[in-house]
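As structure tokens, the structure follows; a few thoughts come after it.
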There are 2 protein chains.
Amino acid sequence: MFSKSCEYGLRAVIFIAQQTTKNNMVSLSTISEEINSPQAFTAKVLQQLTRSNIVKSVKGPYGGFTIEDNKMNTKLSEVVSVLDGDAIYTGCGLGLKQCDANSPCPLHFKFVEIRDGLRNMLENTSLLSIAEDMNTDFTILKR
Amino acid sequence: MFSKSCEYGLRAVIFIAQQTTKNNMVSLSTISEEINSPQAFTAKVLQQLTRSNIVKSVKGPYGGFTIEDNKMNTKLSEVVSVLDGDAIYTGCGLGLKQCDANSPCPLHFKFVEIRDGLRNMLENTSLLSIAEDMNTDFTILKR
DNA sequence: AGATTAAAAGACCTTTTTATCCTTTTTATA
DNA sequence: TATAAAAAGGATAAAAAGGTCTTTTAATCT
Ligand code: FES
Ligand code: FES
């Protein structure tokens, strides 16, 4: 479904969001331990999210990653879009160069339902809401 | 969503199914032209589908690929499963080693809905039904 | 100022996926 | 039986994804 970059990125940003609700700045090494991801590779992913202004990075002692207040309502769809592009929201399920309801592939109408379901789910899920859920439910970010 | 192998495989098998309803045996070169896919690569994919007994291949002059009557009710889910495995039906959206409702990731319950929607759609769509649809609707397999 | 801490950036390596080429095997039919 | 058609199979190559390592930049604390 998602690339490894995107999986790590989502787990990382969710972890950072959750820690942000507790006012904790978290370092790369903490993140990669807590989400069980390769550290150097995760660094690359976080750089992309930093450049996209989804997370904020702070260098030096006591530095790390955090999410600014007004970014806590970032939707998961934006994170996916930054890391995997938006082919997943617009692409043809059978790989035609573009998806077009006016000359659809045989799977188009069934596929678009699923694709839109995914997009709506991601567009309606903010980092803040996930972080709040995590503080009440028992959910995990590593296994 | 799907790998290139799977996209080509789905398009190929759908094309073969449609031609099968007209009693046409189709050659690799015809298939790769009609679905606009790299011929040699498509050959590899069709070999997998042949070994999985989803399509039948016939060597020699007037040979090619066809689908036997009792295989026309093969579901798209089986084709996807052969070519991409079933991680797409069972895997965690955030990439945890396994998806488990008893210790779910923060996206689990929202993700499972989408994932099951996709699986149900593919499990309920047979080659025959797609082929029949194509004979009434205008749909395409190349662009 | 100098030492230390931590992220950013870029070069590099490895594995997997995608794709091509060429030879071999099978088979229909002239 | 020779020939041509067509799939099968193997070797290889190119591209993309996944991952590591080293150097640079920035912040903090003596
Ligand atoms: S054209 Fe294939 S999904 Fe829309
Ligand atoms: S545990 Fe992540 S989707 Fe089920």
Side-chain angles (χ1 to χ4, degrees), chain A residues 1-13 15-16 19 24-33 35-68 80 82-85 87-88 94-95 97, chain B residues 1-13 15-16 19 24-68 80 82-85 87-88 95 97:
Chain A
M1 182 75 73
F2 303 122
S3 70
K4 284 288 170 193
S5 290
C6 193
E7 290 175 353
Y8 298 148
L10 285 168
R11 301 220 299 273
V13 84
F15 176 70
I16 298 168
Q19 292 301 305
N24 293 145
M25 175 91 95
V26 284
S27 71
L28 170 63
S29 61
T30 302
I31 294 169
S32 66
E33 276 165 28
I35 70 173
N36 190 30
S37 67
Q39 180 166 328
F41 191 62
T42 307
K44 296 293 184 195
V45 175
L46 285 170
Q47 281 171 38
Q48 291 185 71
L49 295 175
T50 302
R51 283 193 291 266
S52 308
N53 289 316
I54 290 172
V55 304
K56 192 192 162 204
S57 71
V58 178
K59 288 182 182 181
Y62 303 95
F65 295 88
T66 188
I67 296 176
E68 295 188 316
V80 171
V82 164
L83 298 173
D84 276 0
I88 198 157
L94 297 185
K97 292 199 204 312
Chain B
M1 182 75 71
F2 304 122
S3 69
K4 284 288 170 193
S5 291
C6 193
E7 290 175 352
Y8 298 149
L10 285 168
R11 301 219 299 272
V13 85
F15 176 70
I16 299 167
Q19 293 300 307
N24 293 146
M25 176 92 95
V26 284
S27 71
L28 170 63
S29 63
T30 302
I31 295 169
S32 67
E33 275 165 29
E34 293 299 321
I35 72 173
N36 191 29
S37 67
Q39 180 167 328
F41 191 64
T42 306
K44 300 294 184 195
V45 175
L46 285 170
Q47 281 171 39
Q48 290 184 74
L49 295 175
T50 302
R51 284 192 291 265
S52 308
N53 289 317
I54 289 172
V55 304
K56 190 190 162 204
S57 72
V58 178
K59 288 184 179 179
Y62 300 94
F65 295 88
T66 188
I67 296 177
E68 294 187 318
V80 171
V82 164
L83 298 173
D84 275 1
I88 198 157
K97 292 197 204 309

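Predicted model only: the values in this text are computed from it and were never measured. Protein chains get the first letters and strands the later ones, always in sequence-line order, with residue 1 at the start of each.
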Please work out if B:S5 contacts a base, only the sugar-phosphate, or nothing of the nucleic acid, heavy-atom cut-off 4.0 Å.
sugar-phosphate

Once you apply a heavy-atom cut-off of 4.0 Å, does B:S3 come out as touching a base, just sugar-phosphate, or nothing?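 Since only primed, P, OP1 and OP2 atoms lie under 4.0 Å of B:S3, the category is sugar-phosphate.
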
Given atom [atom1] of [X] and atom [atom2] of [N], what is their separation to the nearest angstrom?
{"X": "A:M25", "N": "C:dT5", "atom1": "CE", "atom2": "P", "answer": "17 Å"}
{"X": "B:K56", "N": "D:dA8", "atom1": "NZ", "atom2": "C1'", "answer": "16 Å"}
{"X": "B:L46", "N": "D:dG9", "atom1": "CG", "atom2": "P", "answer": "13 Å"}
{"X": "B:Q48", "N": "D:dA7", "atom1": "CD", "atom2": "P", "answer": "17 Å"}
{"X": "B:Q47", "N": "D:dA11", "atom1": "CD", "atom2": "P", "answer": "14 Å"}
{"X": "B:L49", "N": "D:dA7", "atom1": "CG", "atom2": "C1'", "answer": "14 Å"}
{"X": "A:N36", "N": "D:dG18", "atom1": "CG", "atom2": "P", "answer": "16 Å"}

Check the phosphate of [N] against [X], side-chain N and O only, distance under 4.0 Å to OP1 or OP2. Yes or no?
{"X": "A:T50", "N": "C:dA8", "result": "yes"}
{"X": "B:S57", "N": "D:dA8", "result": "yes"}
{"X": "A:R51", "N": "C:dA9", "result": "yes"}

Give me the distances for all protein-to-nucleotides 19-29 of chain C N/O pairs that come in under 3.5 Å?
unit_1 : atom_1 : unit_2 : atom_2 : d
C:dA19 : OP2    : B:Y8   : OH     : 2.9

If the test is side chain to side chain contact (heavy atoms under 4.5 Å, CB included), which one of B:S5, B:C6, B:S52 qualifies with B:V82?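 By the side chain to side chain contact (heavy atoms under 4.5 Å, CB included) criterion, B:V82 pairs with just one of B:S5, B:C6, B:S52: B:S52.
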
Please collect all salt bridge (Lys or Arg N to Asp or Glu O under 4.0 Å) contacts where either partner lies in residues 45-62 of chain B, sequence neighbours excluded, each pair once.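 For residues 45-62 of chain B, and leaving out neighbouring residues, the salt bridge (Lys or Arg N to Asp or Glu O under 4.0 Å) pairs sorted by first residue read B:K56-B:E68.
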
A:K44 meets the salt bridge (Lys or Arg N to Asp or Glu O under 4.0 Å) criterion, sequence neighbours left out, with none

CG of A:L46 to OG of A:S37, rounded to nearest 0.5 Å, is 8.0 Å

Between B:L28 and A:F2, the residue closer to the 5' end of DNA chain D by nearest nucleotide is B:L28

| said: Under a plain distance cut-off of 3.5 Å, with no hydrogens placed, do A:S32 and A:T42 share a side-chain donor-acceptor pair? | reply: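 No.
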
